[in-house]
Student: 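What follows is a structure written as structure tokens; I'll ask about it next.
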Amino acid sequence: MFTRTILPLMVAASLLTGCGSPTEPASSPSLFVVPAHFPVPLRLGVEALCTPERVALGRALFYDEILSRDYTVSCASCHQQDYAFTQHGHRVSHGVDDRLGTRNSQPLQNLAWQPTFLWDGGINDLDLFPPLPISNPVEMDLSMDSALMRLRQSPRYRALFRAAEGDDSISTSRMLKAFSAFMLTMVSASSPYDEAVVGRTQRTPSQTRGHTLFQQHCASCHTPPLFTDHTFRNTGLMPSDVNDLGRASVTLDPRDAYAFKVPSLRNVEVTGPYGHDGRYRTVREAVAHYRDNVATIPGVDPAVSNGILLRDSDIDDIVEFLRTLTDKSFLTKRELGPP
Amino acid sequence: MKLLFLGAKSVVAVLCLVTILAGCSTDEETTAPPAVDEIGSIRLKIDNVYGTKELALGANFMTAGSETITIETLKYFVSNVRLQRTDGTTYVVPQDASYFLIDEAIPASQRLRLDNVPAGDYAAVTFTIGVDSLRSTMDVTQRTGALDVGGAAAGMYWTWNSGYIFFKMEGEVLAAGTNPKVPFILHIGGFGGLNNPTVNNIRSVTLRLPETARVRAGNTPEVHILADVAKMFALDPVLSLRAKPVIMLAQESVDISRRYASMFSVDHVH
């Protein structure tokens, strides 16, 4: 009885799939859902992009060392889920041959709401992000055409591309769209902060004080619910020997010297070390920067140039509040881990 | 069998006729006004030269500033081609078919063929050296062919500051003193920026044709364009690679794009 009913269904299903044009695989539910208390995403068409098959392909690519010259490094080497997709404990990122970059890898989360990427905002389109780490000599050090060649020679990837796109043609844009599809599903919106916002949990007295202080001193740049206003600001970090010019290296405008992207503070508890060059080890040190260490260099943002007046206990409370931004389900969600 | 035998004779005859017709075409077919909806093709041959010499990669050349240089890489984008008719009207080549990457190391890349061109008499050609700002910010699915960042354009794209390298010239300059050879690197790009204005090196040149290019269904003219790299150095003030051997995304790049925009001319049309 069972086989009799299921067989015609399977035939019908394969017929239906067969009807679609080769580039339009059968439509499946999207793995991208906008959290109720979030604004409309900046990026358009994310639901349509994030089909389960394309996300599965992107996930395979993200976790695969095949995309590094010597097969030792994957995207996940510097973007580890447990640490909100940062490289835990590393000031700057390590690539092939243990080569060092000059910047601290940033978390990957809520990317559909992000207008620019990198500490200096040099990339405007998430789709065009992966060619940077793949071809960068201090990261994965593999040319894009070699990367595509390796994928084309892999029966596993041919099958994954066929499932995602309807045929096994492997092009730059298909590869990059799959990367984006997976990364766009990295949505963090279920932290205790979010629970409190929707009224499901109560804050502790220290977290409540911290929240008030945060609103007063921090929220104008680290604006909820994304905890960034996506601007570039000079926070008075004394330039190091690397003399990273930050935003000015993109705009060539001297007024942007030493300005870096305001990072989101979601999951900040696990994304240490802090600052574009990872100079602060703990959240507490990073918060204390605004009281103790704002350097007198040209171009420091007026919001912080005179330092922020905080007692030690205020800093404790702010740190307590920031811990409520740790989203355990995001850090452990199976679907975001290795395939 | 018989048919086949006869066939060979007729083939020869037909061939002779074709040759005669082809020989006639430049005189008769092209002087007659084109039919409505008639289309043809035009070829642009871009020849990189150094003064009166062919530009050979690895050869020594002397610049206007008396510096000896060797060029190892010369690549640039040509895009957004337009053809002006003798009556002043313009034919714009459809944008999707209008991006070319000229590479001195790949002779085939220096011959551009434009098909589906309305038949007509053309007096000038305009093109962009580089990639327009709109295409520079387009979705990755619109970046195919010469613009494929994982293919042809792989070495012509800044991954960390999204944008195409419009013009790339690398080589060595012979320096005075103890350090005989210094590598030079010119990577020129910059489409003006998306969120913040930044350098804009999108340059466009219009070249008048010394003879009218008559595009007809049966006539494909070839416009022979010279790109004389020596002119880049000679433009006032004379360029010194010894003084500044590396120029990439920086304000100085605007001077370099001004220079390479001056190096194009049309030698002849045939």
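None of these values were measured; they are calculated from a predicted model. Protein chains get the first letters and strands the later ones, always in sequence-line order, with residue 1 at the start of each. Only this structure's heavy atoms are used, side chains among them; waters, hydrogens and symmetry mates stay out.
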Student: Identify whether the distance between the nearest side-chain nitrogen and carboxylate oxygen of A/R99 and A/E139 falls below 4.0 Å.
Tutor: no

Student: For the residue pair B/Y50 and B/F233, categorise the inter-ring angle as parallel (less than 30°), tilted (30 to 60°) or perpendicular (more than 60°).
Tutor: tilted

Student: For the pair A/F32 and A/W113, name the ring-plane relationship: parallel under 30°, tilted 30 to 60°, perpendicular over 60°.
Tutor: tilted

Student: For residues B/F264 and B/Y76, establish whether the separation of their ring centroids is below 6.0 Å.
Tutor: yes

Student: So which of A/T116, A/D127, A/V250, A/D125 has the biggest tally of heavy-atom pairs under 4.5 Å with chain B?
Tutor: A/V250

Student: Salt bridge check: are A/R156 and A/D64 linked by an N-O gap of less than 4.0 Å?
Tutor: yes

Student: Could you walk me through whether B/L57 and B/I71 pass the side chain to side chain contact (heavy atoms under 4.5 Å, CB included) check?
Tutor: CA-CA 5 Å; B/L57 296 177; B/I71 297 167; 4.1 Å; yes

Student: Select one option (side chain, backbone, both, neither) describing which atoms of A/D253 are under 4.5 Å from chain B's heavy atoms.
Tutor: neither

Student: Using a cut-off of under 4.5 Å for heavy-atom pairs, which of B/N161, B/T198, B/L194 has the most such pairs with chain A?
Tutor: B/N161

Student: Can you say whether A/L252 sits under 4.5 Å from chain B via the side chain, the backbone, both, or neither, judging by heavy atoms?
Tutor: both

Student: Applying a criterion of heavy atom separation less than 4.5 Å, what residues of residues 243-256 of chain B form contacts with chain A?
Tutor: B/L249, B/A250, B/Q251

Student: For the residue pair B/Y260 and B/F167, categorise the inter-ring angle as parallel (less than 30°), tilted (30 to 60°) or perpendicular (more than 60°).
Tutor: parallel

Student: To the nearest 0.5 Å, what is the distance between OG1 (A/T223) and CG (A/D229)?
Tutor: 4.5 Å

Student: One pair to check against side chain to side chain contact (heavy atoms under 4.5 Å, CB included): B/R135 and B/D96. What are the steps and the verdict?
Tutor: CA-CA 10 Å; B/R135 188 68 60 157; B/D96 283 341; 2.8 Å; yes

Student: Which region of A/T251, side chain (C-beta onward) or backbone (N, CA, C, O), has a non-hydrogen atom less than 4.5 Å from a non-hydrogen atom of chain B, or is it both or neither?
Tutor: both

Student: Can you tell me how far CD1 of B/I42 sits from CG of B/N116, rounded to the nearest 0.5 angstrom?
Tutor: 13.5 Å

Student: With a 4.5 angstrom heavy-atom cut-off, which part of A/L118 approaches chain B: side chain, backbone, both or neither?
Tutor: side chain

Student: Chain B heavy atoms under 4.5 Å from A/S146: which part of the residue, side chain, backbone, both or neither?
Tutor: neither

Student: Counting only heavy atoms closer than 4.5 Å, note whether A/N136 contacts chain B via side chain, backbone, both or neither.
Tutor: neither

